[in-house]
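Everything numeric in this text was worked out from a predicted model, so none of it was measured. Whatever order the structure lists ligands and atoms in, that order sets their numbers, starting from 1.
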Amino acid sequence: MDGWDQLKSDWLARIGAAADETALEDLRVAALGKKGEISLKMRELGGMSAEDRQVAGPALNALKDEVTTALAAKKAALGDAALDARLRAEWLDVSLPARHRRMGTIHPVSQVTEEVTAIFADMGFAVAEGPQVETDWYNFDALNIPGHHPARAEMDTFYTHRAPGDDRPPHVLRTHTSPVQIRYMEAHGAPTRIIAPGRVYRADYDQTHTPMFHQVEGLAIDRDISMANLKWVLESFFSAYFGTNVRTRFRASHFPFTEPSAEVDIQCSWEGGTVKVGEGNDWLEVLGSGMVHPKVLQAAGVDPSQWQGFAFGMGIDRIAMLKYGIPDLRAFFDSDLRWLRHYGFSALQVPAVHSGV
Ligand code: DAH
């Protein structure tokens, strides 16, 4: 083996033995870098005699080519091996079942509010809202409940605190959603068709009363709206909500803000100890209603000689208990996760009028 062959086989052996890409790069610099062995030999060609150069030149060029090719081949092989190793190390079984994540649930009050809204929206009612801290004027006076009226005392009102020396009447936590009637008519006039769901407050606590609960108010004002429209709207609502034909019974009653006034019962049966709505011969009271009192229209800036209509107020928690068989109102607001998982709804159970939920 002459000197060139020896040199070639030395370099090829070293390249073949390179363990990784860093070692290979060191070899490339040692062979072909500025001061690499082969580069230095190339530079020596200039000082050779013509005959020697004729032998050494081609041999050196061939050596350079072979070393370059070997370096590239080895680099590719090391790259493949590195990728193989990585693929082996980072193996992932995408068919494994995902880790279980506990999802929250939609509270029955939220679900039922959505259901009620969907049904009334279908009948052309918009949704209105009002503040939960109200002036006594909106909560009482504008609704024809003057200061001496027994209804004020009956409502177990929460009053806010006033600084000493501040003689204005205190704000109240609204005791019902009825003040939204006034606020809405003040802002939008007549005709109008709204529901107003929301929180209300009364100082009361037992199995069917909590200091905070939910009502939905209804209001429809136009030129010739009557009690007959009210009865149709409520029967349509209850039939859609309970998913079965529900008869209603109107009992004469009294509210300061309606004239005439009626309490409305829905048909039910108590057979087997549980209540079933839409069958049987019993009645269950679910709401108060009536024709809006002329004084209420006046207080809201609507002319009672031109406009008339009905209003109603219904407990959302109560109709949620009825539909979903929930026995105790207090548990609604305990935030007990076991209760929420049992009575809560999946976020995907979106209420729609025709889905029957
Ligand atoms: N605001 C009454 C309450 O909370 C319920 C009510 C009765 C609302 C008759 C009305 C109505 O709009 O017309 O007890």
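- The distance criterion of under 3.5 Å between nitrogen or oxygen atoms is met by Ala311 with respect to ligand 1.
- The cationic atom of Arg183 (NZ for Lys, CZ for Arg) lies less than 6.0 Å from the six-membered ring centre of Tyr138 and within 45° of the ring axis.
- The nearest protein atom to atom 2 (C) of ligand 1, hydrogens excluded, is given as Phe257 CZ, 3.8 Å; this is a heavy-atom distance.
- Near Gln215, meaning under 4.0 Å from one of its heavy atoms, ligand 1 places the atoms 3 (C), 4 (O).
- The backbone of Phe312, and not its side chain, has at least one atom closer than 4.0 Å to an atom of ligand 1 (non-hydrogen atoms only; backbone = N, CA, C, O).
- Between Thr175 and ligand 1, no N or O atom pair is found at a separation short of 3.5 Å.
- Aromatic ring centres of Phe345 and Tyr324: separated by under 6.0 Å.
- Every atom of ligand 1 is numbered from 1 in the order shown, and the set under 4.0 Å from a heavy atom of Phe255 is 7 (C), 9 (C).
- With Ser261 contributing its side chain and Phe255 its backbone, the two residues share a donor-acceptor pair below 3.5 Å.
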* To do: Using the ring-ring contact (aromatic ring centres under 6.0 Å, His included) rule, take Tyr184 and His188 through it: C-alpha gap first, then chi angles, then the decisive distance, then the call.
  => CA-CA 6 Å; Tyr184 195 84; His188 299 95; 4.1 Å; yes

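- Which parts of ligand 1 touch Ser178 is read off a 4.0 Å heavy-atom cut-off, strictly below it: atoms 1 (N), 8 (C).
- Listed by atom number, the atoms of ligand 1 under 4.0 Å from Gly313 heavy atoms are 6 (C), 8 (C), 10 (C), 12 (O).
- Of all the atoms in ligand 1, the ones that sit under 4.0 Å from a non-hydrogen atom of Thr258 are 13 (O).
- For Glu66 and Lys8, the salt-bridge test passes: some basic side-chain N is under 4.0 Å from an acidic carboxylate O.
- In Arg202, the part holding a heavy atom less than 4.0 Å from any atom of ligand 1 is the side chain.
- Between Asp204 and Arg202 there is no salt bridge, since no side-chain nitrogen of the basic residue lies less than 4.0 Å from a carboxylate oxygen of the acidic one.
- When side chains are defined from C-beta on, Arg249 does not count as touching Val264, because their heavy atoms never get closer than 4.5 Å.
- The shell of residues lying under 4.0 angstrom from ligand 1, judged by heavy atoms, includes Gln181.
- For ligand 1, the atoms sitting less than 4.0 Å from at least one non-hydrogen atom of Glu217 are 8 (C), 10 (C), 12 (O), numbered in the order shown with element in parentheses.
- Only the backbone of Ser289 comes within 4.0 Å of ligand 1, judged by heavy-atom distances.
- A ring-centre distance under 6.0 Å is found for His214 and Phe333.
- Note on Asp141 versus Arg152: salt bridge recorded, some NZ/NE/NH1/NH2 to OD/OE distance being below 4.0 Å.
- Each of the atoms 13 (O) of ligand 1 lies under 4.0 Å from some heavy atom of Gly290.
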